[in-house]
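Read the structure below first, then the notes.
Numbering of ligands and ligand atoms starts at 1, following listing order. The structure presented is a predicted model; accordingly, all values stated were derived computationally and were not measured.
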Amino acid sequence: MDERNTKSNPLDSIKERFDSRSGNGSPHHPDRRNMSRKMHFSVWYFILVFLFLSWLHDLWIFKQNVTTVPYSSFKTMISEGKVERVTIGEDTISGILKTAEDGKRYFVTVRLQDPELISFLDRHGVTYAGEKQNKIINAILSWVVPLILFILIWSYILGRMGGPQGVLSFGKARAKIYAEKDVGITFNDVAGIDEAKRELQEVVEYLKNPEKFARLGAKIPKGVLLVGAPGTGKTLLARAVAGEAGVPFFSMSGSDFVEMFVGVGAARVRDLFAQAKANAPCIIFIDELDALGKARGINPLGSHDEREQTLNQLLVEMDGFDSSSGVIIMAATNRPEILDPALLRPGRFDRHVAIDRPDIKGREAILRIHVKKIKLGDDVDLKKIAAMTPGFVGADLANLVNEAALLAARRDADRVEMKDFQEALDRIIGGLEKRNRAINPREREIVAYHEAGHAIVAMALPHTDPVNKISIIPRGIGALGYTQQMPTEDRYLLTRRELIDRVTVLMGGRVAEEIVFGDVSTGAMNDLQRATDIIKRMITEYGMSEKLGPLTFRREPRSPLLQTELTSSLFTEREFSERTAELIDSEMKTLIESIHDRTKDILQRSREWLDRMAKELLEKEVLEGEELERFASEFKTFWKAINDEEKLNEQR
Ligand code: ADP
Ligand code: MG
Ligand code: ZN
């Protein structure tokens, strides 16, 4: 349940995101500022393009009216008296004709070494002038303009690739800093984690009214670290604190800081704190802190410079101001054990707020919040749903409500009813129903007896949760059927008897197959795994074996930092002898065998009920509600009767 991510987070979509790309922009109106900058840019762009075009135009007109003539024709034209005036340049001679020829009045020719030219012109009465060629203009025309053109094209392409800041300015904070002025979420939107709320109430007080604390000289914690399993509402709670206090909320995820280029993350941290200080009082929230704050130097693949630098910068910034500046830093993580100890020392994230999975009351309260948005049928009992969902966190419950609403919509109902919730829960736990998957009748019978076995054993034993639903409709990938037990309360401690009863129920499926068909199937693998797991822990961890005594044989790895799948097997030592290991194995075997015998005994004595339930299951596929309750109470009367009889027999 832990790893399930919640895809739909309605709260995220309401977030008003100011994407402030310019790091030094005022965080209030970063977008406006950005706009004016963009405008400037495009005005220049237009002027340049305009100049370039008019220059091209002149050139074009000029070319249209000008003929290039050989030097000899030039001399002929002069001697024929057609030329009005000429301009003698260094390399060329240009001139104007008295009348246009072929629509062209201007001509140019390449100047040759001709010492006679001046006297020749004098002789034919042509006005002439020398020309001092403007080298600069020439130079501009010949290569500055193409250069500008090139730059323009280049910047256009870059702009396409990611804004005017492009590749070259990656060091400038491109940080997406969401300053939400009004998060619109209050403590009323958070339920089931009242203790955490109470802890944070103080922070809210402080943000609302800092003078009150300053007057007494009390220091409010600088950093608050929210610790809890995924989906327990850490992000939600942080936003609620901002909403409750009515202060801006600067939020970034730890992974936002970790970039490809060394130094970028550190720049972002600096930027974030600078913006926050300018906006005090406010909250800086760093989500998924572990992405950034992993302890330095535990990376097995060598050090990670960028992350270390970013982390160092964060530490420096946190030291650089005190909480009287009105900035409170909050962070969330679900893996506090891997955080760098420097982050957790006093003066940094010194206040830790643990967010637990909600208990039954909490789950009901969370459900109540989420069903506000949907239309509920009269038969929906939130208390019952809360009872059916032990271990669910806020995100799971939000998801459950949404699934139920979707199912109701699918059947065109105008209210979401209890059966939608039940179906949604089945889906979430077991996967989709596959009603039309063809199962051969023999397999179906095996499944029916298997599930009936679980159910009968559960009904016969005193220390088990009541059976809520039995189904032989295949679901998800593996499950061919299931028996759902509903705990009546959350349990934190289990006694040896209760554990043994649990294992007995788990064995019920396989033993029923054994008794009825004289053979066992692969269907019980999951049951056996869970049974083995419980038994192993009873013996090696909870000290529940008589032969081994109240000892525990499993040790947590010394350093929590090393607690990964890979390392835990390498670094945990076995602190017991070979003989003890053998004893553990034999104890496990003895225990499971005695439980097996017990299960067999129960099922053999209630064989007719097993048949009855299997038959009903084959007919109806699902047993639940009143039907199941009636069956259970009838069975219990029977069971009590034969047990009483036995006791009487024993006494005789
Ligand atoms: P986390 O950050 O701890 O992983 P989130 O705060 O993102 O979890 O929670 C995801 C969603 O689950 C929230 O948006 C909210 O809809 C729901 N949720 C989680 N916890 C609670 C709660 N205590 N009360 C109400 N809703 C909750
Ligand atoms: Mg979160
Ligand atoms: Zn089973």
Side-chain angles (χ1 to χ4, degrees), residues 2-15 183 185-197 200 226-241 251-255 285-291 330-335 353-359 361-373 392-402 446-455 457-458 470-472 478-485 503 505-513 520-531 599:
D2 273 354
E3 306 303 331
R4 193 173 333 118
N5 54 354
T6 50
K7 276 153 266 151
S8 58
N9 186 351
L11 300 172
D12 277 348
S13 57
I14 352 177
K15 254 194 215 167
V183 292
I185 291 174
T186 64
F187 278 168
N188 290 335
D189 299 305
V190 188
I193 40 180
D194 297 331
E195 267 151 65
K197 261 157 75 172
L200 292 172
L226 304 175
V227 180
T232 41
K234 299 180 293 295
T235 311
L236 185 71
L237 191 60
R239 293 161 57 81
V241 171
S251 138
M252 262 182 132
S253 164
S255 55
F285 179 57
I286 303 175
D287 210 349
E288 317 293 349
L289 181 66
D290 43 289
M330 294 180 76
T333 181
N334 46 31
R335 306 174 67 194
V353 175
I355 304 188
D356 290 324
R357 286 167 190 276
D359 60 5
K361 283 225 179 69
R363 291 197 296 273
E364 194 186 333
I366 294 174
L367 283 167
R368 191 139 283 140
I369 285 180
H370 288 282
V371 297
K372 266 187 210 149
K373 289 166 243 157
F392 271 41
V393 294
D396 296 326
L397 294 168
N399 183 30
L400 173 69
V401 171
N402 190 45
I446 294 179
V447 174
Y449 268 103
H450 180 105
E451 299 306 332
H454 284 307
V457 174
I470 313 161
S471 154
I472 57 165
L480 292 172
Y482 66 92
T483 304
Q484 185 186 49
Q485 285 173 276
V503 179
V505 174
L506 284 171
M507 295 297 289
R510 139 154 314 214
V511 173
E513 287 179 37
V520 290
S521 75
T522 53
M525 192 188 92
N526 184 264
D527 297 337
L528 294 183
Q529 248 168 20
R530 282 162 60 195
T599 317

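Note: an N/O pair closer than 3.5 Å links G233 and ligand 1 by distance alone. When only interatomic distances are considered, the shortest N/O to N/O separation between G231 and ligand 1 falls below 3.5 Å. Ligand 1 has no nitrogen or oxygen under 3.5 angstrom from a nitrogen or oxygen of I366. Checked by distance only, ligand 1 and D287 stay at 3.5 Å or farther apart across all their nitrogen or oxygen atoms.
Distance alone, capped at 3.5 Å, is enough to place a donor-acceptor pair between the E451 side chain and the T483 backbone. Side chain of K234 to backbone of A331: no donor-acceptor contact under 3.5 angstrom is found. Q485 contributes no side-chain N or O that, together with a main-chain N or O of A458, makes up a donor-acceptor pair within less than 3.5 Å.
L226 pairs with exactly one of L200, I193, V241 by the side chain to side chain contact (heavy atoms under 4.5 Å, CB included) rule, that one being L200.
The shortest separation from a heavy atom of R239 to ligand 1 is not under 4.0 Å, leaving the residue out of contact. Distances from ligand 1 to the non-hydrogen atoms of G192 include no value under 4.0 Å. Distances from ligand 1 to the non-hydrogen atoms of P230 include at least one value under 4.0 Å.
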- request: Report the C-alpha separation of D527 and R510 in whole Å, then their side-chain angles, then the decisive distance to 0.1 Å, and conclude whether the side chain to side chain contact (heavy atoms under 4.5 Å, CB included) test is met.
  value: CA-CA 8 Å; D527 297 337; R510 139 154 314 214; 5.9 Å; no
message: Working note: E288 + S253, criterion side-chain hydrogen bond (donor to acceptor under 3.5 Å, both in side chains); need CA distance, chi angles, decisive distance, verdict.
response: CA-CA 6 Å; E288 317 293 349; S253 164; over 6 Å; no
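For the pair R363/V393, no side-chain contact is recorded, criterion being any heavy-atom separation below 4.5 Å from C-beta on. The side-chain heavy atoms of L237 and F187, taken from C-beta on, include a pair separated by under 4.5 Å.
Taking every non-hydrogen atom of V190 and a distance limit under 4.0 Å, the qualifying atoms of ligand 1 come out as 23 (N), 24 (N). Remark: ligand 1 atoms within the under-4.0 Å shell around heavy atoms of I193 are 23 (N). Counting the atoms of ligand 1 from 1 in the order shown, those under 4.0 Å from a heavy atom of D189 are 24 (N), 25 (C).
When you scan the N, O or S atoms of D527 for the one nearest the Zn ion (ligand 3), you land on OD2. Within H454, the N, O or S atom at minimum distance from the Zn ion (ligand 3) carries the name NE2.
Contacts between L237 and ligand 1 below 4.0 angstrom, taking non-hydrogen atoms only, are absent altogether.
To the nearest 0.5 Å, the span separating CG on N334 from CG on L289 amounts to 10.5 Å.
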